[in-house]
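Computed from heavy atoms alone, side chains included, the values below leave out hydrogens, waters and symmetry copies.
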Amino acid sequence: MAIMDFLNRQFIDVIEWVDDSRDTLSFRFPDDDKQIKNEAQLIVRESQVAQFVYVGQFADTLGPGKHTLKTENIPILGDLLGWKYKFQTPFKADVYYVTTRVFAGNKWGTANPVMMRDADFGVVRMRAFGTYDFKIVDPVLFLKEVAGTDHQFRLDEFTDVMRSRIVSVFSETLAAAKVPALDVATRYGELGAALLEPLNAAMRSKYGLEMTSFVVENVSVPPELEQAIDKRGAMTAIGNLNDYVKYNMGNALAEGKAGTAGIGAELAAGLAMGQSMMQGGMGAAAAPSMPGFVPGAAPVATAAAVPELLTPEQVAQALSVSVADVLQELEAGNLKGRKIGSQWRIGRPALDTFMQG
């Protein structure tokens, strides 16, 4: 009798795992170097799957339910063990439980700036962070590529392992999507939804994971790019600079802020300022300091001094952007100009049309 009790203690009759931690992704059943007996009971609860591994080879995967371990239930393992017929002897194998429920509220973020190529601003350095929900959809691939042989793989370990991988997939997906920096910085909700499927395509094939939600909470760019975005927004809001100056002068007259004697002078100066802003500070802006300038005179003479053809440098100064940005718009055909040899020249009407469009 004692011998039978001893032998029974050497075999596993019931295999089950109750997860009370709520943060365990995979768990290897502790066999204590025991063998699994014929017709042992395997219990798999909801939101779990059981994965058999024999000598480093992945065998059968069993879903929720109570399973009697027989040749019919574990055919792959039977082939690995060389069972041609029903087995009667105990066997040795590892059993991994993998949690398949959704793990919500996980944080992601770029530890270092991500370099992106943008059509408007060239190469842009961006930082981003947010949250994501995920679940395991391919236990074999997850155990192989993420958890490994860890006897209890927890969420904090997963976060450490996957943070850089998720950021890498995010960067590749964002680059492939060619989302402009202006849209990335202002449309977080749409961006997260748009990136979800491309991210999942990579996460499923590489790690056996599926993201059920991917949220971009913030995207930040360098201060100099923020200033460029602010300037572009301000110029878009202003529209035609000459009309803007005239409107402000009209308001000043209506409110009595301009004296009667100085109305002509202020209007001339305002128009000259608007033309100066349009044309890179050339011609009309310098007219008030020229010899022979008469306050109160109509700005016809000063306007005539403004060059009809501008260089890219003058246009860049007028638009408060870089010369490279102006050349890029010229090459794209958005800003009309004529190339003479290796030099570009832009007419004032073309610049006005570009600003209004």
Side-chain angles (χ1 to χ4, degrees), residues 19 21-28 47-49 51 58 61 96-118 121 123-222 225:
D19 179 18
S21 66
R22 303 299 298 169
D23 67 345
T24 301
L25 278 73
S26 64
F27 177 81
R28 186 178 66 209
S47 300
Q48 293 179 349
V49 295
Q51 177 65 51
F58 291 94
T61 305
Y96 286 85
Y97 281 91
V98 178
T99 304
T100 57
R101 67 175 178 83
V102 173
F103 291 85
N106 306 281
K107 297 184 180 299
W108 68 272
T110 55
N112 298 307
V114 177
M115 304 295 289
M116 305 297 300
R117 188 176 298 277
D118 185 75
F121 302 104
V123 178
V124 177
R125 293 178 290 110
M126 294 193 301
R127 294 179 182 270
F129 65 84
T131 61
Y132 66 95
D133 306 338
F134 77 96
K135 63 180 179 180
I136 300 169
V137 294
D138 189 336
V140 172
L141 191 57
F142 172 77
L143 290 173
K144 182 179 179 180
E145 298 295 335
V146 182
T149 58
D150 198 319
H151 76 284
Q152 187 170 10
F153 190 70
R154 294 181 177 274
L155 194 57
D156 55 351
E157 298 174 85
F158 172 85
T159 302
D160 293 339
V161 170
M162 293 300 297
R163 180 183 291 112
S164 60
R165 300 184 188 182
I166 290 174
V167 171
S168 175
V169 174
F170 166 77
S171 304
E172 293 171 1
T173 305
L174 186 61
K178 296 182 179 179
V179 180
L182 287 172
D183 291 343
V184 171
T186 57
R187 300 165 64 181
Y188 298 147
E190 295 177 28
L191 177 63
L195 292 179
L196 186 59
E197 185 51 40
L199 279 168
N200 274 333
M203 298 301 287
R204 291 191 199 101
S205 62
K206 291 183 178 181
Y207 309 116
L209 302 172
E210 180 179 293
M211 290 187 176
T212 58
S213 173
F214 186 81
V215 179
V216 180
E217 294 183 354
N218 181 266
V219 175
S220 60
V221 294
L225 181 55

> Yes or no on side chain to side chain contact (heavy atoms under 4.5 Å, CB included) for Thr212 and Lys135, after CA distance, side-chain angles and deciding distance?
Replying inline: CA-CA 7 Å; Thr212 58; Lys135 63 180 179 180; 4.3 Å; yes

> Given the rule in the side chain to side chain contact (heavy atoms under 4.5 Å, CB included) test, do Ser26 and Leu143 qualify, once you have shown the distances and angles that lead to the verdict?
Replying inline: CA-CA 8 Å; Ser26 64; Leu143 290 173; 3.9 Å; yes

>> Quick one, Val215 with Ser213, criterion side chain to side chain contact (heavy atoms under 4.5 Å, CB included). Give me CA distance, side-chain angles, the key distance, then yes/no.
In response: CA-CA 6 Å; Val215 179; Ser213 173; 3.7 Å; yes

>> What verdict does the side chain to side chain contact (heavy atoms under 4.5 Å, CB included) test give for Val140 and Asp138, after you've listed the backbone C-alpha separation in whole Å, the side-chain angles of each residue and the deciding distance to 0.1 Å?
In response: CA-CA 6 Å; Val140 172; Asp138 189 336; 3.8 Å; yes

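When side chains are defined from C-beta on, Gln48 does not count as touching Thr100, because their heavy atoms never get closer than 4.5 Å. Two residues are said to be in side-chain contact when any heavy atoms from C-beta on lie closer than 4.5 Å; Thr131 and Asn106 fail this criterion. Between Thr149 and Tyr96, the closest side-chain pair of non-hydrogen atoms falls below 4.5 Å. The side-chain heavy atoms of Met211 and Arg204, taken from C-beta on, include no pair separated by under 4.5 Å. Proximity of Leu141 to Leu209: side-chain heavy atoms (C-beta onward) are nowhere separated by under 4.5 Å. A heavy-atom distance below 4.5 Å is not found between the side chains of Asn200 and Pro198.
The only option from Trp108, Phe158, Tyr207 that meets the ring-ring contact (aromatic ring centres under 6.0 Å, His included) definition with Phe134 turns out to be Phe158. Put simply, the residue from Asp160, Asp23, Asp19 that forms a salt bridge (charged side-chain N to carboxylate O under 4.0 Å, His left out) with Arg154 is Asp23. Paired with Val98 under the rule side-chain contact (heavy atoms from CB on, under 4.5 Å), one option of Thr24, Ile136, Thr61 passes, and it is Ile136.
Expressed to the nearest 0.5 Å, how far CE of Met162 lies from CD of Glu157 amounts to 13.5 Å. Within the model, atoms CE of Met203 and CG of Leu196 stand 11.0 Å from one another, a figure rounded to the nearest 0.5 Å.
By the 30° and 60° cut-offs, the orientation of the rings of Phe153 relative to Phe142 is perpendicular.
Counting only distance, with no hydrogens or angles, the side chain of Thr110 and the backbone of Ala128 share a donor-acceptor pair below 3.5 Å. Here the side chain of Ser168 pairs no donor or acceptor atom with the backbone of Ser164 at under 3.5 angstrom.
A cation-pi arrangement, defined by a distance under 6.0 Å to the six-membered ring centre and an angle within 45 degrees of its axis, is present between Arg101 and Phe103.
The minimum heavy-atom distance between Val169 and Ala202, with the atom names listed, is CG1-CB, 3.7 Å. Listed here is the closest heavy atom pair of Val49 and Pro139: CG2-CG, 3.5 Å.
The pair Lys107-Glu217 fails the salt-bridge criterion, with no side-chain N (NZ, NE, NH1 or NH2) lying under 4.0 Å from an Asp/Glu carboxylate O.
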